[in-house]
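Below is one structure, written out as C-alpha cells; the observations come after it.
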Amino acid sequence: MNEVLLEVDGLTVEYLSQTGSVKACADVSFTLHRGQILGVAGESGSGKSTLITALTRLQRPPAVTSAGRLVYHSSDGDKVDLLTLSERQLRAYRWSELAIVLQSAMDCLNPVMRLGDQFEDVLRYHDPQLTQRQAWERAEELVAMVGIGSDRLRSYPHELSGGMRQRSLIALALACDPDLIVMDEPTTAVDVVMQRQILAQLLQLQDRLGFAVVFVTHDLSLLLELADQIAIMYGGRIVELGSAREIYTAPKHPYTRGLRDSFPPLHGELTTMRGIPGSPPDLRTPPSGCAFHPRCADRLDACDQQIPLLRPVGRNDVACLLYEETP
Amino acid sequence: MTAPVLEATNLSKEFPVHGRGSRGTTVKAVQNANVTLHKGSIVALVGESGSGKTTVARMLALAYPQTAGTIRLNGAEVSHARNAERSYFRQVQLIFQDPFASLNPLHKVRYTLGRALRIHQRTLRGKELEEQTLELLRKVNLTPVEQFIDKFPHELSGGQRQRIVIARALAVRPSVLLGDEPISMLDVSIRLDILNLLAKLRDEEGLALLYITHDIASARYLCDTIQVMYAGQMVEGGPRDSVIQSPKHPYTKLLLDSSPDPGRSLRSGDTGLFDVADDLGEPPNLVDPPSGCQFHPRCPFAMDECRQTFPERTEFPDGQWAHCWLHQKDRGHVLEGKP
Amino acid sequence: MTFWAALTFNFLIPRFMPGDPAATMLRRIQQLTGQAPTPDQIRSVRLFFGGARENLPAQYLHYLNDLVHFRFGLSLSEYPTPVSDLIAQALPWTLLLVGTTTIIAWIVGTALGAYMGWKPGSRFDAIFAPTTTFLHAIPTFWLSLVALWAFAFQLGWFPVSGAYDPDVPYQINNLWFLLSILKYGALPALTLIFIGFNGWLFTMRNVMVTTVSEDYVLLAKAKGLPTWRVLFKYAARNALLPNVTGLALAIGGILGGVLLTEVVFTYPGLGHRLYRATVDHDFPVMQTIFLLITLTVLIANLIADSIYVLLDPRTRDEA
Amino acid sequence: MLNGFLRNSKVRIGLGVFAAFLLLALLGPWFVSAVMHTTPRTIDYDALGQPPSAKHLLGTTLPGSDVLAQVIVGARGSVFVGITSAVLATVIAALVGVPSGFLGGRLDHGLTAFTNLFLTLPSFALTLIIAGYVQGAAWWVIALIIAAFEWPGGARTLRSQTMSLRGRDFTVAMRMLGESKTRLVFAEVMPHMTGIVSAMFLRACVAGVFAEAALSFLGIGTTGSVSWGTIISEAQGQSAILNGLWWWFVPPGLCIALLGTATALVNFGIDEISNPRLSAANRKLMKRFRRAARTAEPEVAR
C-alpha cells in the first residue's frame, strides 16, 4: 500500500493564445501510492480537468505542459518521467498501465461501433495473440464485472442507457488491467442512485484488483466518503492536501472550510449556511497573490502580493499565509 | 392554513413520440400529479432526471398544456386562452436551470429587466423605469446596482446571471415562483447564496415557491414540504423532517441512502450503501411503463399487488403521505430496517 | 412528389409564356431551316404549346399519358428525329464524364481533407487552405476555356473538341477507340476534377477538425492505439458521414458545371445537347433533358439516404 | 459580436475585396467615360485584337474594344444581377423560413414541403431552361429567375435556426413574461441571425454572379448590356482561343473567381467565429506551442 506509483512534481499547464498564456494548472505536486484513491475537488476554472488531461498527456493545443515531472513507478521497479517519452514510447504505458474514464460516456464511445468491437479493438491491440473469440469472451467478463449482460456487447452506444454507458466505460478502463485509472467526473452525468451504484462497484473492483485512482469532481461531499486523500484545487493550484477525515473535520485553508460548508447536511442540525461569497476567478485575469484573496474573509495584507506555497501544516499540506509551517 | 395560491390536481402529460413506426405512441411523462403551493412557503419537488419534475414545472408555467388535470390560481381554473395566459404570467414565473441560456446574450441587463417591467406596466418610462430596475437589482442583492445595470450577460458570473434571472421574474410582482433546478448549473460555493436569496424572498415578499431539484440535501435546507417523484408519479410527500427522517416509500429511502452526505462515513463506521453493490436497475422507459407501481421492478419489497395496480394514497398523522402497497397491507415496518 | 412537381412545371412553363410562343417558334424554325414549316411540324408545335383546342386539364392528362409511355415527341430543330434518340446518343457520354470525375474528385477531396483536418495548423494545411478557397471560386466554364487554350491550342497536348477520334472506327470493342475516348475525355475530366475536389476537401476538413476534438477520439488515443488506427477507425470514419450525404445532394450542382464544360469542349453529352436545344428553341428536347436530370437527382438522394443508414447505426432505429 | 467579426482577418480581407467590387460596379461606367475617355463599345481601328500595351492596359478584343473598359463596365452588369438576386433570395428565404420555424404547425409543414421541393429541383438546369424560354430578357428578369432557385437553402437554414432560437430558454423566458410574438421574433430571435443572414446574402450574391455569367456565356442571358459573362461569351464566340487572345477572356473570369474567394473568406471567418475549434489552426501559435512544450517529442518537433 505504501509503494509509490506516481510522483507529480511542479506540473504546470498553460493555454496559449495570441495575447499571452493562461496558467490553468500551476506547480501541482503530489504523490500517489499504489491502490490509493486520491480525490481532487475543485469548482469550474480550478484546473481540475486540465490536470486530468495533463496527467494522461492528452491535452490538445492550445494547452501545453510547460514544466514539471510525472514520474511513474512501474511494478518492476523502473522509474520513468512520462513527460519525456515520445508518443510512441508512451503508447506502451497507455491503457495497460494508465487508463482514463471521462465525464460524458455518450461522447466517449464511438457512436458507429458496437460496444463489443470497442473492447475488442483495445484488447487485441495490446495483446496481439488474442483471437477475436478470446477478446470477445474477455469483454463479456469485463462488462459482467460492472453488472452488464453480455448481450449488450452487440449494442451500439446510443442503444444503452446513460448509467450503462458510464459503467461500460469503467469496464473498458479495466480492460488491460491498469495500475492507475484517472477519472474525470465519472458520475456527474448520472443520477444519484446510479452514482451510488457505480461508486460501490468501483470500490469493490478496486479492492479486488488493487488499482489506484485519481478521482476528479466538483462534489466534495462525494469525495469525503470515497477517497483516501483529497486535494482541493483553486485557481489552478492545490490549496490543501490531506486525508478525507482531516479535510472534513479540520480543514485549514479558508477555501476548504468554505467549500465544506457549502454542502447542506442530509442529517443532523440545520443552520443557515453561507457558502463562499463572490465568484471563482477568471483565469485570463487572475488575482495577484493568492487567487482566493478577493473572496477570503481572513485575508492578510500580504495575501494580494505573495503566492503561498503548499507546505505541511499539522497533518495536512496547506498553501495559505495564515499558517506557519510545522517542522 | 390559508387557501392555496396555486393548486394543481391530477396533472398528467403525455408527449407524442416522433419518428417513423411510432405513430400514436406517447411518453407518459407525468401521471396524476398533485401540487399545492401556499403563500410564504416552499415546496420541494425531488426526483431523478426523467422523473417528470421539470414537466410539472413547465405545465404549471403554461409552457405547454397538460394532457389531463386542472390548474387553479387563487381558486379559479386556468385556461389557455391568450389573454388568460398573460394575466397568469403576472402571477406565476418560472426560473430556469441554466442561467447561461436563459438570458439573451445580445441584451444588456437594463433592457432585459426594463422589458420585463414594461410588459405589464406599459406606461412606465424614463426615471421611474430606471428606479424600478435598480430596485429589482437591489432585491436580488446585486449591489452596487450601477455596476450591473449596463452589463451584458457574458460579463457576469453564473451566480450573478441567476440573480438577474430571478430579478426578471420578480419584475412582474408575481405571487408564485417556480424554480427548475435553479442552482444545479452553478458552482458549489455560490449555490447556498442563491438558496438563501430564495428563502429571503419567501420571508420578505411572501412568495409561494416550488423548488425543483435532484439534490435532496438542498431541498431539506430550503423547503418546508417535500414531494418525491419517480417515473412520472408522485410517490411520497409531507413535512420536510418527517420525509427525511422516516421515509414511507422505498424509493425515497433509496434516494436518501444514495445521496452523498459528508457526515455519513464519519458517523460510527456506517458506510451507507458502499458495501452493497447490487444492481438495482434503472428507471423504466416511460413509453411503455410497467403496470401498477412504477418502482416495483427495482423494489426489494415488491408484492403481487404492486405489479397490478398503483396503490392508493396512505395518509400519516403529521401530514405525510405515500403511495405504497406496504402501508395498505400493513407492512410499513419493513422500511425501518435496512432493505 | 418532387418529381410530380417537376413534371407539372415542365408542363406549365411553355403554356404561360407571354404572346403566342407557337407562332414565334414556327417563325424561328423557318429561319433556321430556311424552309416553310411542314404541316406536320406546325401541328406538333401547336400541340406542344397547348393550342386552343383542348382545355388545360385535358392537355395535362394527355401530357402525362405520353410520359408514362415514354413518348417524348420529336425534336423540332432536327425534325423529325425522336427526342429519345437524341438523348440516347448523348446520355452515355455525360454519364461517363460525370461518373468518373465526381468519384475521383470526391475521393481526392475527402482524403486530402481528412489529412488536413487531422492536423489543423500544419504546414500542409496552411498552404492548401487558401489555395482551395480560390480554386473553389473559379467558374468551371472559364477554367475550361483557359485549359482548352493552354493545353489544347498552345501546347497541343490534347484534342480541342469531341469525345473520341472520328478517324477511328466507332466500335466499343476496339482498343484504339477506347484509348481515344480516354484521350479526348482527359482534359474536360481533369478540369472538372480540379475544381470539384475543393468543395469536398473543405467540408471534410472542417468536419474532421470537429471530429478530432470529440471525446471518443481522445479516448482512442488514451487507449494507446496507433495513430493510423485512431485516424481511420475513429476520426475519419465518423467525419465521412456528411460527405456521403453531400455526394448525392451535390449531383444537381455538379451537373451544372458539367453542362457548361461540355459546351466548351464540344463534348457530345447531355449538356451540349441541352445547350443546342436552348439556342435552337427545341423545347421538347429541353423538357426531356430536364426531366431526366430531375429523376437522376431524386435517385441520387434515395441512394445517399440508404448509404447513410448503412454507415450510421443511430439513424437505423428511427427509420 | 460585430467587433468579433471584424477582428477576424479572413472576414476583413473578404469584405474589403467585396466592397472594392461594389465600388467598381457603382462608379465603373463613370470612371470609364470620365477618366479613360472611352466606352466598352468604342472601337479602336488601330488595335484589333492587340495584346496588353500602354494604350490598352488589358489589350483589345478582336473587334477592337478596350478589354479593361469592358471588364470595369461588366462589373456593373454582373454585380447588379448578383445583388438583386441575392436581395430577392434573402427576402424570400426570410419570409418562408422564419414564420415556418417560429409558428410551426400546419403552416410549417406546408412551407417546408414547398422549400424541399425547390431544394431538390436541379436548379441550374431549370434556370437554364426558363432563361431559355424567356430569351433576351432584361437583367432584372434574369436576377428574378436566379433568385427563384437560390432561396431554398437559406430558407431551410433560417427555419432551423428560428426553431432552435424559439426553443432557447431566453426566448421561452420572455414569452412567459407575456411578451408579444412580434417582439419575440424581432427582439429576441432575429438579432441572433444577422451573422447567418449576411453570410447567406454574400453567398447568394456570388451564386447570382456565377449564374449570370454562366447564362451569358451560353448566350441566353441579358441582351444589350455588358457583363463578365458576355465578355467571355463574345471571346469564345469570336474564336479568341483559336487566335490566342488570352487577355480577352482571362480577366473577367479572374474577377469572378476573386469575388467568389472574397465571399468564401468571409464565410470561413464566420464559421471560425461560431466554431472556434476550426481556428485553432494558427501557425504562429503552433510554433510557440512547440517551443513551450516540455515534452521532447521527436515526431512533432522536427
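The figures here come from the full heavy-atom set of this structure, side chains too, leaving out hydrogens, waters and symmetry mates. Order of the sequence lines fixes the chain letters, A, B, ..., with proteins taken first and strands second; residue numbering starts at 1 for each chain.
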(message) For A:M113 and C:R237: C-alpha separation, side-chain torsions, deciding distance, then whether side chain to side chain contact (heavy atoms under 4.5 Å, CB included) applies.
(response) CA-CA 10 Å; A:M113 276 171 86; C:R237 171 146 168 16; 5.7 Å; no
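- Atom-to-atom distance recorded for C:T211:OG1 and A:N110:CG is 10.0 Å, nearest 0.5 angstrom.
- Between C:K223 and A:D121, no side-chain nitrogen of the basic residue sits less than 4.0 Å from a carboxylate oxygen of the acidic one, so the salt-bridge criterion is not met.
- Across A:P111 and C:Y216, no two heavy atoms sit closer than the pair CD-CE2, 3.5 Å.
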(request) Go through the steps to decide whether A:Y125 and C:L225 satisfy the test side chain to side chain contact (heavy atoms under 4.5 Å, CB included), and finish with yes or no. (result) CA-CA 7 Å; A:Y125 175 72; C:L225 300 179; 3.7 Å; yes
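- Within the 4.5 angstrom heavy-atom criterion, only side-chain atoms of A:L172, from C-beta onward, approach chain C.
- With a 4.5 angstrom heavy-atom cutoff, A:L102 touches chain C only via side-chain atoms.
- Rounding to the nearest 0.5 Å gives a distance of 6.0 Å between CG of C:L219 and CG of A:L169.
- Taking a 6.0 Å sphere around CZ of C:F202, one finds it holds more than 12 heavy atoms contributed by other residues, nucleotides or ligands.
- Of all heavy-atom pairs spanning A:E87 and C:K221, the tightest one is OE2-CE, 3.7 Å.
- For C:V217, no part lies near chain A; criterion is any non-hydrogen pair under 4.5 Å.
- Side chains of A:R91 and C:T227 form a contact here, defined as non-hydrogen atoms less than 4.5 Å apart.
- Enclosure of atom CZ in C:R229 by more than 12 non-hydrogen atoms of other residues, nucleotides or ligands within 6.0 angstrom is indicated.
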